[in-house]
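Remember, it's a predicted structure, so these values are computed and weren't measured experimentally.
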Amino acid sequence: MKKLALILALAALPVLANTNLFTKYESVRQGLLKGSLADAQKNATALAADAKAAKQTAVAEKAEAVAKAADLKAARETFGALSDEMLKIREAAKGARPSVYYCPMVKKSWLQPKGEVGNPYDSAMEKCGMLKSE
């Protein structure tokens, strides 16, 4: 019985880690929405650390790129690659997941809680986008 409990606990770890990654990713998106390079970088650094711990190296690398961005424009551009990696994790995750939104103007997707659109890619198009998948 103890072996079964251990196996079930280990199987649940990636799901729990993904929830934490989604939360950290959302913090990066919020920093970009506010137009705060410092917030986006700080939160991307935290996301990179958690992604490394969860053995999600592609997410960690992309988050580090956001953290090292020279300016807000570069952070938003690298956030696109980070979003692509997070979309892969979302597809594999079970249970509660953030929704997928898409902006046809910048031709990029991102994750966010279902609700009002908050496009992280361009402050002039903050409300541009549509719900693509719940």
Side-chain angles (χ1 to χ4, degrees):
M1 200 64 166
K2 286 184 180 180
K3 278 187 176 180
L4 178 60
L6 179 61
I7 290 170
L8 290 174
L10 290 174
L13 283 177
V15 174
L16 297 174
N18 289 343
T19 301
N20 192 40
L21 295 181
F22 293 142
T23 301
K24 295 286 170 73
Y25 169 89
E26 176 61 15
S27 296
V28 177
R29 186 183 75 86
Q30 288 295 324
L32 294 174
L33 277 175
K34 290 190 305 189
S36 172
L37 179 61
D39 283 356
Q41 289 174 322
K42 176 185 74 159
N43 292 317
T45 299
L47 173 57
D50 284 6
K52 283 179 188 172
K55 306 233 184 299
Q56 295 290 341
T57 54
V59 171
E61 289 171 4
K62 304 304 182 203
E64 286 173 349
V66 174
K68 293 176 184 174
D71 56 35
L72 203 49
K73 182 180 180 199
R76 286 184 164 129
E77 287 173 8
T78 55
F79 184 77
L82 173 60
S83 293
D84 291 343
E85 293 302 324
M86 289 298 295
L87 283 162
K88 293 174 189 174
I89 290 176
R90 181 196 179 275
E91 291 307 310
K94 305 279 189 254
R97 307 176 300 173
S99 298
V100 179
Y101 284 76
Y102 176 76
C103 175
M105 301 295 284
V106 295
K107 296 178 177 41
K108 292 182 185 177
S109 294
W110 69 93
L111 301 175
Q112 73 169 64
K114 187 176 177 191
E116 187 175 330
V117 172
N119 184 336
Y121 294 112
D122 189 329
S123 58
M125 295 189 297
E126 185 178 317
K127 302 299 179 204
C128 180
M130 63 189 83
L131 178 64
K132 195 171 168 185
S133 177
E134 289 184 44

inquiry  = Assess the residue pair Tyr25 and Ser83 against the criterion (side-chain hydrogen bond (donor to acceptor under 3.5 Å, both in side chains)); give the C-alpha distance rounded to whole Å, side-chain angles, the decisive distance to 0.1 Å, and a yes or no.
reply    = CA-CA 8 Å; Tyr25 169 89; Ser83 293; 2.6 Å; yes
Stepwise side chain to side chain contact (heavy atoms under 4.5 Å, CB included) test for Ser123 and Arg76 = CA-CA 10 Å; Ser123 58; Arg76 286 184 164 129; 3.9 Å; yes
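Smallest separation of non-hydrogen atoms from Pro120 and Leu32: O-CB, 3.8 Å. Counting all heavy atoms, side chain and backbone alike, Val28 lies closest to Ala44 at CG2-N, 3.4 Å. For Tyr121 against Gly80, the heavy-atom pair with the smallest separation is OH-CA, 3.5 Å. Contact record, Ala51 with Ala60: CB-N, 3.6 Å, taken as the closest heavy-atom pair. Here the closest heavy-atom approach between residue Val117 and residue Lys127 is recorded as O-CD, 3.4 Å. The shortest non-hydrogen separation linking Thr45 to Ala67 is OG1-CB, 3.4 Å.
Taking the side chain as every heavy atom from C-beta outward, Lys24 and Met86 never approach each other to under 4.5 Å. You'll find the side chain of Arg29 reaches within 4.5 Å of the side chain of Pro113, heavy atoms only. Under the 4.5 Å side-chain criterion, counting only non-hydrogen atoms from C-beta, Tyr102 is in contact with Pro104. Contact annotation: the side chain of Glu134 approaches that of Ser99 to within less than 4.5 Å [non-hydrogen atoms, C-beta and beyond].
Using modelled atom types, no side-chain atom of Gln112 and backbone atom of Tyr101 make a donor-acceptor pair closer than 3.5 Å. Without hydrogens or angle criteria, Arg97 side chain to Leu111 main chain gives no donor-acceptor distance under 3.5 Å. Using a distance-only test at 3.5 Å, with no hydrogens or angles considered, a donor-acceptor pair links the side chain of Asn119 to the main chain of Cys128.
We find the CG-NZ distance between Asp122 and Lys73 to be 10.0 Å, quoted to the nearest 0.5 Å. Going from atom CD of Glu77 over to atom CG of Asp71 covers 8.0 Å, rounded to the nearest 0.5 Å. Annotation: the span from Lys108 atom NZ to Asp84 atom CG amounts to 8.5 Å, rounded to 0.5 Å. Between atom CG of residue Asp50 and atom NZ of residue Lys52 there is a gap of 11.0 Å, rounded to the nearest 0.5 Å. To the nearest 0.5 Å, atoms NZ (Lys132) and SG (Cys103) are separated by 11.5 Å.
Of the residues listed (Asn43, Leu37, Asp39), the one engaging Gln41 in a side-chain contact (heavy atoms from CB on, under 4.5 Å) is Leu37, and it is the only one.
Using a cut-off of 4.0 Å between Lys/Arg side-chain N and Asp/Glu carboxylate O, Glu85 and Lys88 are scored as salt-bridged.
For Glu91, the CD atom is densely surrounded, since the number of other residues' heavy atoms within 6.0 Å is greater than 12. Counted within 6.0 Å of CE on Met105, heavy atoms from surrounding residues, nucleotides or ligands total 12 or fewer; the atom is thus considered open.
Hydrophobic clustering of Ile, Leu, Val, Met, Phe, Trp and Tyr side chains at less than 4.5 Å, counting indirect connections, keeps Leu47 apart from Leu33.
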